[in-house]
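These notes are about the structure you will find just below.
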There are 2 protein chains.
Amino acid sequence: MLKTSDEKYLRAIYSVSHSENKQKVSLSDLAYYLDLKPPTVLERLHVLQKEKFISYTKTEGVVLTKSGEKEALNVIRKHRVWETFLHKVCKFGWNEVHEMAEQLQNVNSEKLIDRIYTLSGEPKFDPHGDPIPDKSGKLPVSVRRPLLNSIEGCRCLVLGVNEDSAEFLNYLTDLNIGLNEKLSVEKVFGYDGSLKIKYKNSESVILSPKVAEKILVTCTKHGCACK
Amino acid sequence: MLKTSDEKYLRAIYSVSHSENKQKVSLSDLAYYLDLKPPTVLERLHVLQKEKFISYTKTEGVVLTKSGEKEALNVIRKHRVWETFLHKVCKFGWNEVHEMAEQLQNVNSEKLIDRIYTLSGEPKFDPHGDPIPDKSGKLPVSVRRPLLNSIEGCRCLVLGVNEDSAEFLNYLTDLNIGLNEKLSVEKVFGYDGSLKIKYKNSESVILSPKVAEKILVTCTKHGCACK
DNA sequence: TTATTTTTTTAGGTATGCCTAATTTTAGTA
DNA sequence: TACTAAAATTAGGCATACCTAAAAAAATAA
Ligand SMILES: [Mn+2]
Ligand SMILES: [Mn+2]
Ligand SMILES: [Mn+2]
Ligand SMILES: [Mn+2]
């Protein structure tokens with residue numbers, strides 16, 4: 001049985017290695033992500049390596065082994081299933097579920113996860129639009145891109161976000177932007193990359209590039225020139 | 001915020017001090033209950049005392065302070081609310097919920113407890129018939145006594161059990177005895193205190209005193225001579 | 001290539017939470 | 001009361017999980 005702390009590290013390694021423009025997970029990246037100091041993390045990496053969940057060299061950084069990746073996907077599954085359950089069954093907002101799921105994901109009971117997943121209606125994506133791995137670790141695919149990469153006139157659908165923090169999600173909620181919202185990009189400001197978007201047939205706001213980068217969308221006009 | 005381990009100790013102290021014929025919680029009682037060695041527990045008691053949750057002297061044993069009792073009741077509330085939720089909403093058997101609740105009770109979110117309690121229909125008792133404290137720590141009362149103390153001819157109703165272990169609950173389930181079962185005591189064997197009981201208008205079994213002691217009932221004939 | 005900065009590693013420290021073995025204290029029995 | 005058994009305490013050890021400060025190695029810039 002995996003320790004809570006192993007799960008935390010494996011999930012972190014997976015997340016960091018799959019985040020934008022990161023082809024190498026360095027010790028310091030990981031320490032920063034986990035909000036721990038490098039010596040603490042290094043110590044743990046040695047253990048995880050002995051347990052054959054990762055391989056680590058200072059030049060290559062941290063790489064998950066097959067078994068490490070399997071475990072990481074399992075924690076991610078637990079996390080996302082809990083988030084889904086909290087949202088669908090317990091009716092919490094998408095901005096409230098992450099913190100609770102963070103604690104709940106450590107509960108050890110395959111049977112419980114199965115049960116709450118069933119009660120949630122077995123969706124393929126969590127309340128933030130992130131794919132829920134199946135038991136074998138397979139992820140449903142969804143083609144998404146940051147809203148930031150839009151060209152003027154593009155129409156698109158919000159499929160997810162790149163950040164789970166309550167602050168960010170609260171901001172979107174304040175703007176009345178949620179999952180499955182249809183947006184049209186009215187203007188792209190070349191100066192800093194801000195976007196003016198219109199939605200709900202009425203509202204229109206200007207989003208900073210920092211925000212637009214974290215909203216994941218798919219174009220709805222086919223053959224759209226966005227990348 | 002309380003640590004998981006504080007909660008464990010406070011709950012244990014509360015349980016031991018409220019169990020039958022215990023007017024003093026000694027260090028060794030507590031160590032036995034927690035399945036830890038006395039020096040380990042002693043060390044922790046010193047900390048809990050510094051935190052003003054208990055008072056401890058070797059002669060008086062461990063006593064919860066007002067604040068310690070409040071915390072203990074809060075953990076008990078969390079535990080029982082989770083058990084109720086797992087039973088009512090997730091449809092787990094009464095023999096399956098304790099283990100999971102043991103882990104879930106450590107999750108810190110008042111709001112989550114409130115929500116799942118509402119979803120469970122806000123019953124006053126958990127799946128084992130144990131009272132669920134309200135937020136202020138008040139326990140609903142229920143007058144119960146061990147089935148063992150029955151006299152011949154007594155008719156009673158199962159209101160709870162004194163043990164949460166899956167083995168015990170599985171045994172009762174095998175016997176077809178559950179909460180709210182109506183029993184009639186056909187015979188009391190003086191030799192060892194075994195009881196022959198009849199229920200469901202047909203089945204009849206002999207229960208050992210060890211088992212009969214752990215089934216909690218209330219007499220249904222009023223003015224019954226059981227104590 | 002050398003100098004500077006960043007990253008990694010080592011060394012050593014603290015707190016928690018568990019243990020065994022030995023000792024002291026308390027309580028029960030003769 | 002004196003002896004004995006049980007309970008509590010002390011001492012010292014181990015693993016985990018965190019830290020800071022300093023040294024070594026690697027990467028970057030001049
Ligand atoms: Mn999340
Ligand atoms: Mn999510
Ligand atoms: Mn229980
Ligand atoms: Mn219970």
Side-chain angles (χ1 to χ4, degrees), chain A residues 1-13 15-17 19 21-64 68 71-72 75 102-103 105-106 108, chain B residues 1-13 15-17 19 21-64 68 71-72 75 102-103 105-106 108:
Chain A
M1 188 54 41
L2 278 197
K3 272 168 296 182
T4 289
S5 144
D6 282 341
E7 298 196 333
K8 184 177 75 172
Y9 275 80
L10 295 175
R11 196 165 90 91
I13 294 163
S15 298
V16 175
S17 70
S19 61
N21 53 54
K22 274 272 153 55
Q23 71 289 58
K24 183 188 127 178
V25 180
S26 71
L27 175 62
S28 47
D29 286 344
L30 198 55
Y32 179 80
Y33 181 89
L34 286 164
D35 197 19
L36 296 171
K37 303 297 167 186
T40 303
V41 175
L42 181 62
E43 201 170 63
R44 227 49 238 313
L45 289 185
H46 290 323
V47 177
L48 288 167
Q49 185 154 40
K50 211 169 296 152
E51 295 172 329
K52 301 263 205 286
F53 289 130
I54 62 163
S55 80
Y56 170 68
T57 54
K58 62 186 156 210
T59 45
E60 299 295 310
V62 189
V63 179
L64 290 171
E71 294 300 341
V75 195
E102 202 71 25
Q103 296 181 63
Q105 74 186 356
N106 299 317
N108 279 317
Chain B
M1 188 55 39
L2 279 196
K3 272 167 298 184
T4 290
S5 146
D6 283 341
E7 299 196 332
K8 185 177 74 172
Y9 275 80
L10 295 175
R11 196 165 90 92
I13 294 164
S15 298
V16 173
S17 69
S19 61
N21 52 55
K22 274 273 154 56
Q23 72 287 59
K24 185 189 126 178
V25 181
S26 69
L27 176 62
S28 46
D29 286 344
L30 198 55
Y32 179 81
Y33 181 89
L34 287 164
D35 198 20
L36 295 171
K37 303 298 168 186
T40 302
V41 174
L42 180 62
E43 202 170 61
R44 229 49 239 311
L45 289 184
H46 290 322
V47 178
L48 288 167
Q49 186 154 40
K50 211 168 297 151
E51 296 172 329
K52 302 261 205 283
F53 289 131
I54 63 164
S55 81
Y56 171 69
T57 55
K58 60 186 154 208
T59 46
E60 300 295 312
V62 189
V63 179
L64 289 171
E71 295 300 341
V75 196
E102 202 72 25
Q103 297 181 63
Q105 74 186 354
N106 299 316
N108 280 316

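Reminder, nothing fancy here: chain letters follow the sequence lines and each chain counts from 1. Computation of the quantities below employed the complete heavy-atom set of this structure, encompassing side-chain atoms and omitting hydrogens, waters and symmetry-equivalent molecules. What you see is a predicted model, and the numbers here were worked out from it, not measured in a lab.
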Self-check item: 5' precedence on DNA chain C between B:S5 and A:T57 (nearest-nucleotide basis)
Solution: A:T57

Self-check item: A:L45 CG - D:dA17 P separation (whole Å)
Solution: 13 Å

Quiz item: Counting just side-chain N and O atoms, does A:K8 come under 4.0 Å of either OP1 or OP2 of D:dC18?
Solution: yes

Quiz item: Could you give the NE2-to-P distance, from A:H46 to D:dA15, as a whole number of Å?
Solution: 17 Å

Quiz item: Is the distance from OP1 or OP2 of D:dA8 to the nearest side-chain N or O of B:S28 less than 4.0 Å?
Solution: yes

Which atom pairs, one a donor and one an acceptor, fall under 3.5 Å between side chains of residues 27-46 of chain A and the rest of the protein, sequence neighbours left out?
residue, atom, partner, partner atom, Å
A:S28, OG, A:S26, OG, 3.3
A:D29, OD1, A:S26, OG, 3.4
A:D29, OD2, A:S26, N, 3.3
A:D29, OD2, A:S26, OG, 3.1
A:R44, NH1, A:S5, OG, 2.5
A:R44, NH2, A:D6, OD1, 3.0

Quiz item: In whole Å, what is the span from the CD atom of A:E60 to the P atom of D:dA26?
Solution: 13 Å

Quiz prompt | Heavy-atom check, side chain of A:S55 versus side chain of A:Q49, under 4.5 Å | solution = yes

Quiz prompt | Close residues, residues 31-44 of chain B, relative to DNA chain C [heavy-atom separation under 4.0 Å] | solution = B:L36, B:K37, B:P39, B:T40, B:E43, B:R44

Quiz item: Do any N or O atoms from the side chain of A:Q103 and from the backbone of B:N108 form a donor-acceptor pair under 3.5 angstrom?
Solution: yes

Quiz item: Under 4.5 Å between any side-chain heavy atoms of B:R11 and B:E102, yes or no?
Solution: yes

Practice problem: Compare all side-chain heavy atoms of B:L48 with those of B:Y9 and state whether any distance is below 4.5 angstrom. | Solution: yes

Self-check item: Distance in angstrom units between A:K58 NZ and C:dT8 P, rounded
Solution: 10 Å

Practice problem: Search all heavy atoms of A:L10 against all heavy atoms of A:A72 and return the closest pair with its distance. | Solution: O-CB, 3.6 Å

Quiz item: OP1 or OP2 of C:dT7 less than 4.0 angstrom from a side-chain nitrogen or oxygen of A:S26, does that happen here?
Solution: no

Practice problem: State whether A:Y56 places a side-chain N or O below 4.0 Å from either non-bridging phosphate oxygen (OP1 or OP2) of C:dT9. | Solution: yes

Quiz item: CG of B:L30 versus C1' of D:dA8: gap in Å, rounded?
Solution: 13 Å

